[in-house]
Amino acid sequence: MEHIRELRNRLIKATLGIIAGMVVGWLLYERAFTFITTPYCRIAIQGATGCDANGHPLVVTGVFDPFFVKLKVAFVVGLIVSSPIWFYQLWAFIAPGLYKREKRWAFGFVGAAVPLFVLGGFFAYLAMSRGLRFLLGLTPTGVTPLITIDTYFGYTMAMLLIFGIAFELPLILVMLNMAGVVTHAFIRKWRRVMIFLVFVFAGAATPSPDPFSMLLLAVPCVILVELAELFVWLNDRRRERREAALLAAEGLSPLDDADSVDADYRT
């Protein structure tokens, strides 16, 4: 019950942070809307650029759609602006299961999670135009595409979350290692499989068939995974040295300790 109450409190704080960020997004709606729709406005659909008088502008089909569009834009901005808050709440929920020495990494976790999420969003922004160009390029001749703002924002949110979460994968490996769940031996064993799965995921997540969009997601993720593996290796070595120092302080060595356990077992 204590863990459930702690989870509830963390969720409430994270939600309040997102709501505060949504207020900022509501005030910056015009600039944010222009920024989000720029990838669509850059592409050419049936020879005409979107978002101009001769192109295919985004449309709404309901009376309440403009309000919900503004609400969604505010949510996207609020999610990004408040990311330090809800990332910290996530870490604060996990931290009680760690040692005091490992809890000091809380600010490092938040400091790494936010730039990684923003970096993933940046790469998603670069890949969106290519994906839209491919998907809308499938429109048959004589058919006029009417893209609703709701559909476009669904695509935008999917790309943002896919790239953002993918860029958090190395940080998740580091967190699991600090919690003692994942070791460098495990990562070294499954390293090739993880890299292969990264490329498979990148190919499935990017709608454009050209290799550039896939590499735009896969290559940075592989580099980050390699950096995470280096951190895990260094952290495991640090733990081994610390455990050896504690055993030495007690007048034991890892071998002596193992022999004493075997002797007690035989007795």
Side-chain angles (χ1 to χ4, degrees), residues 21-22 25-26 28-62 64-81 83 115-169 197-222 224:
M22 289 180 64
W26 189 274
L28 300 177
Y29 167 72
E30 293 296 336
R31 294 182 179 180
F33 180 80
T34 302
F35 179 80
I36 292 174
T37 56
T38 296
Y40 177 81
C41 296
R42 286 177 177 173
I43 64 175
I45 306 171
Q46 296 178 345
T49 305
C51 302
D52 60 18
N54 298 321
H56 303 279
L58 297 171
V59 300
V60 294
T61 58
F64 294 101
D65 284 356
F67 171 76
F68 288 121
V69 167
K70 192 170 184 178
L71 196 63
K72 290 179 180 180
V73 171
F75 175 75
V76 172
V77 176
L79 192 68
I80 297 175
V81 171
S83 55
L116 286 175
F117 188 81
V118 174
L119 184 64
F122 171 74
F123 279 97
Y125 191 78
L126 296 179
M128 280 176 58
S129 293
R130 291 178 175 271
L132 288 169
R133 185 178 293 110
F134 167 72
L135 294 174
L136 296 179
L138 300 176
T139 305
T141 304
V143 177
T144 301
L146 295 177
I147 311 302
T148 64
I149 296 180
D150 186 66
T151 302
Y152 177 74
F153 269 84
Y155 172 79
T156 303
M157 286 295 298
M159 292 291 288
L160 175 65
L161 292 177
I162 288 173
F163 276 72
I165 294 175
F167 275 63
E168 298 294 338
L169 174 62
L197 291 178
V198 165
F199 276 91
V200 171
F201 174 77
T206 52
S208 177
D210 64 290
F212 177 79
S213 299
M214 182 186 71
L215 294 177
L216 198 62
L217 174 60
V219 172
C221 286
V222 170
L224 292 173

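FYI, side chains are in, hydrogens and waters are out, and symmetry mates aren't considered; it's all heavy atoms of this structure. Here the structure is a predicted model, which is why all the values come from computation and not from measurement.
When every heavy atom of Met159 is checked against every heavy atom of Ala124, the shortest pair comes out as O-CB, 3.5 Å. Pairing each heavy atom of Phe199 with each of Val222, the nearest pair is CE1-CG2, 3.8 Å. Shown here for Leu58 and Thr148, the closest heavy-atom pair between the two residues is CD2-O, 4.4 Å. The shortest heavy-atom contact between Ala166 and Cys221 is O-SG, 3.8 Å. The two residues Val73 and Ala32 make their nearest non-hydrogen contact at CG1-CB, 3.6 Å.
Here the side chain of Thr151 pairs no donor or acceptor atom with the backbone of Ile147 at under 3.5 angstrom.
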* Asked: Does the side chain to side chain contact (heavy atoms under 4.5 Å, CB included) test come out yes or no for Val77 and Phe33, once each step is laid out?
  -> CA-CA 10 Å; Val77 176; Phe33 180 80; over 6 Å; no
* **Leu71/Trp26 under side chain to side chain contact (heavy atoms under 4.5 Å, CB included): CA gap, chis, key distance, verdict** => CA-CA 7 Å; Leu71 196 63; Trp26 189 274; 4.1 Å; yes
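Atom-to-atom distance recorded for Phe163:CZ and Met128:CE is 10.0 Å, nearest 0.5 angstrom. Distance check, rounded to the nearest 0.5 Å: CG of Leu79 to CZ of Phe117 gives 5.0 Å. Residue Leu116 holds its CG atom at 13.0 Å from CD1 of Ile165, rounded to the nearest 0.5 Å. How far CG of Leu161 is from OG1 of Thr156: 10.5 Å, rounded to the nearest 0.5 Å. Atom OG1 of Thr34 is separated from atom OH of Tyr29 by 9.0 Å, given to the nearest 0.5 angstrom. Separating the NZ atom in Lys70 from the CE atom in Met22 is a distance of 11.5 Å, to the nearest 0.5 Å.
Proximity of the aromatic rings of Tyr125 and Phe35 is defined here by a centroid distance below 6.0 angstrom, and this criterion is met.
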